[in-house]
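A quick write-up on the structure given underneath.
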Number of protein chains: 2
Amino acid sequence: MAAKTQRNGRRADALSKERIVEAAIDILDRDGESALTFRALAARLSTGSGAIYWHIADKNALLVAAADAVISGVVTDRDGYGSPREAIRMIALSVFDAIDAHPWVGTQLAREPWQPAMVHIFESVGTQLQALSIAEEAQFNSASALVSYLLGLATQYAAVMQLVPRETDRSAFLTAIASQWTQHDPAKYPFVHQIAAQLPEHDDREQFLAGIDLFLAGIDAGRST
Amino acid sequence: MAAKTQRNGRRADALSKERIVEAAIDILDRDGESALTFRALAARLSTGSGAIYWHIADKNALLVAAADAVISGVVTDRDGYGSPREAIRMIALSVFDAIDAHPWVGTQLAREPWQPAMVHIFESVGTQLQALSIAEEAQFNSASALVSYLLGLATQYAAVMQLVPRETDRSAFLTAIASQWTQHDPAKYPFVHQIAAQLPEHDDREQFLAGIDLFLAGIDAGRST
DNA sequence: ACCTGAACACCGTTCAAGT
DNA sequence: ACCTGAACACCGTTCAAGT
């Protein structure tokens with residue numbers, strides 16, 4: 001089969017960073033983090049594993065690019081989407097939903113806090129905080145806290161998702177953890193015992209939003225004093 | 001050299017889960033996560049790599065045990081240490097300092113949110129929240145939010161620590177990131193530009209505590225309404 | 001300039017064989 | 001019961017050789 005030639009003189013099926021990242025995302029979504037190997041990636045792209053290194057530095061750079069591709073598509077400009085507080089809630093939910101759809105993104109964001117995807121989120125949240133009238137130093141602290149919270153919950157959620165992707169498994173998994181928690185000595189772990197009952201039924205997305213609101217309430221309280 | 005025999009009939013230098021975990025912590029502290037291999041561990045314990053599997057299931061179980069060993073020693077009972085709010089700040093700082101001393105713990109906590117070390121932290125924080133008079137469901141949400149924040153910031157901090165352990169390197173590293181941030185288009189990244197100046201000088205521990213206080217203020221605000 | 005694929009230097013884990 | 005260490009089935013990455 002003759003290779004198609006495009007106007008730019010490259011073969012239509014030539015490798016490129018974009019095609020590699022796209023294929024990587026596909027593998028990650030379909031079969032999880034452990035399935036992404038350079039051999040699997042090369043096979044899917046019908047090329048040699050060494051070829052990938054011509055377009056991308058290493059596996060870490062590939063994961064950074066993949067996470068950024070997902071987050072960039074999701075964290076967009078929020079100007080004119082209501083109050084800053086509404087906008088922050090929407091940004092946070094966007095990231096949450098992105099990780100719900102691509103659990104490996106949660107893991108990847110935690111790996112390098114300074115990667116483009118994180119800078120994107122930080123900027124997004126920060127711009128909205130600027131709109132609230134709080135001191136500059138408080139803005140840095142607030143943005144950092146919000147992003148940390150976002151990242152922390154996303155990571156936990158992603159960890160569970162990676163292990164038990166499907167809905168029914170998830171509920172069973174949480175029930176198993178809850179019953180494991182109640183094995184502990186109730187005298188030593190009273191809180192864990194109390195919460196175990198709520199664990200299998202709780203809605204992660206709702207709980208995530210409750211945390212964001214707690215933060216926003218805290219920022220508000222700081223403003224009025 | 002004859003093997004010493006203890007009263008329990010085991011050789012004094014016999015392998016045990018405790019000795020393995022101890023050696024693992026030592027390797028992780030000294031040379032970082034990538035240095036912990038079963039071969040290195042076996043060499044340090046003067047045994048075969050297969051022997052370790054008699055005492056511990058796999059590498060994941062080893063990391064879980066190592067993280068729990070560190071956290072258990074640090075997150076202790078906080079009753080009578082002042083107000084619940086004071087106690088929560090102290091617990092959070094204890095975890096922060098533990099991760100400062102053992103960066104790999106931050107990475108490990110994020111890997112499995114249901115591991116013993118995390119349950120420990122969750123219980124610790126939760127007990128203090130119970131002391132505040134907030135609704136049961138709000139307790140779950142608040143504890144989850146606090147622990148998520150703790151985990152998120154710890155993970156980020158650990159990621160930087162793993163890459164640049166020493167103080168001077170750290171400052172240089174943050175300066176490099178800040179100057180990389182200012183390369184971005186100021187029109188697209190106004191907040192990141194504003195914050196870049198503060199990045200190299202900011203105190204992580206202080207910022208961490210500021211986030212905790214934001215949370216506590218938010219919880220307080222919810223109580224009074 | 002871009003791609004191939006064998007080779008290198010590792011991993012975690014298993015398991016027959018020893019004591 | 002506990003330990004040994006070779007062997008297995010992988011990795012990411014490199015690099016001489018091709019086009």
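Proteins get letters first, then strands, A, B, ... in listed order; numbering begins at 1 in each.
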d(CD1, A:Ile52; C1', D:dT14) in whole Å
14 Å

Just say parallel, tilted or perpendicular for the rings of A:Phe122 and B:Phe191, cut-offs at 30° and 60°.
tilted

If you check the A:Trp54 side chain, which of C:dC2, D:dC2, C:dA6 turns out closest?
C:dC2

Measure the distance from CD on B:Glu33 to P on C:dC10 and round it to the nearest whole Å.
19 Å

Spatial distance of atom NE2 (A:His202) from atom CG (B:Asn141) [nearest 0.5 Å]:
8.5 Å

Partner lookup for C:dT13, please. Criteria are Watson-Crick or G-U wobble with both distances under 3.5 angstrom; report none if nothing qualifies.
D:dA7

Taking for each residue the nucleotide of DNA chain D with the nearest heavy atom, is it A:Ala57 or B:Ser46 whose nucleotide lies nearer the 5' end?
B:Ser46

For the pair made of CG in B:Asp58 and P in D:dC10, what is the distance, rounded to whole Å?
18 Å

Short question: side chain of A:Thr127, backbone of A:Glu123 - any donor-acceptor pair under 3.5 Å?
yes

Can you find a side-chain donor-acceptor pair between A:Gln128 and A:Ser124 that sits under 3.5 Å?
no

Protein-nucleotide distance (B:Ile56, atom CD1; C:dG12, atom P), rounded to Å
14 Å

Please determine, for D:dT19, whether a Watson-Crick or G-U wobble partner exists with both distances under 3.5 Å, and give it or none.
C:dA1

What is the distance from NZ of B:Lys59 to P of D:dC11, rounded to the nearest Å?
16 Å

5' priority, DNA chain C, between A:Ala51 and A:Arg39 [closest heavy atom]:
A:Ala51

Rounded interatomic separation in angstrom, taking CD1 from A:Ile20 and C1' from C:dC2
11 Å

Taking only the side-chain heavy atoms of B:Phe38 (C-beta and beyond), determine which of C:dA6, D:dG12, C:dG12 contains the nearest atom.
C:dG12

Which is true for A:Leu36 with a 4.0 Å heavy-atom rule: it touches a base, it touches only sugar-phosphate, or it touches nothing?
sugar-phosphate

Considering only heavy side-chain atoms of B:His55, the closest of C:dT13, D:dT13, D:dC3 is D:dC3

Under 4.0 Å between a Lys/Arg side-chain N and an Asp/Glu carboxylate O for A:Arg205 and A:Asp100?
no

Per atom distances to the B:Leu15 side chain, the nearest of D:dT13, D:dG5, D:dC3 is D:dC3

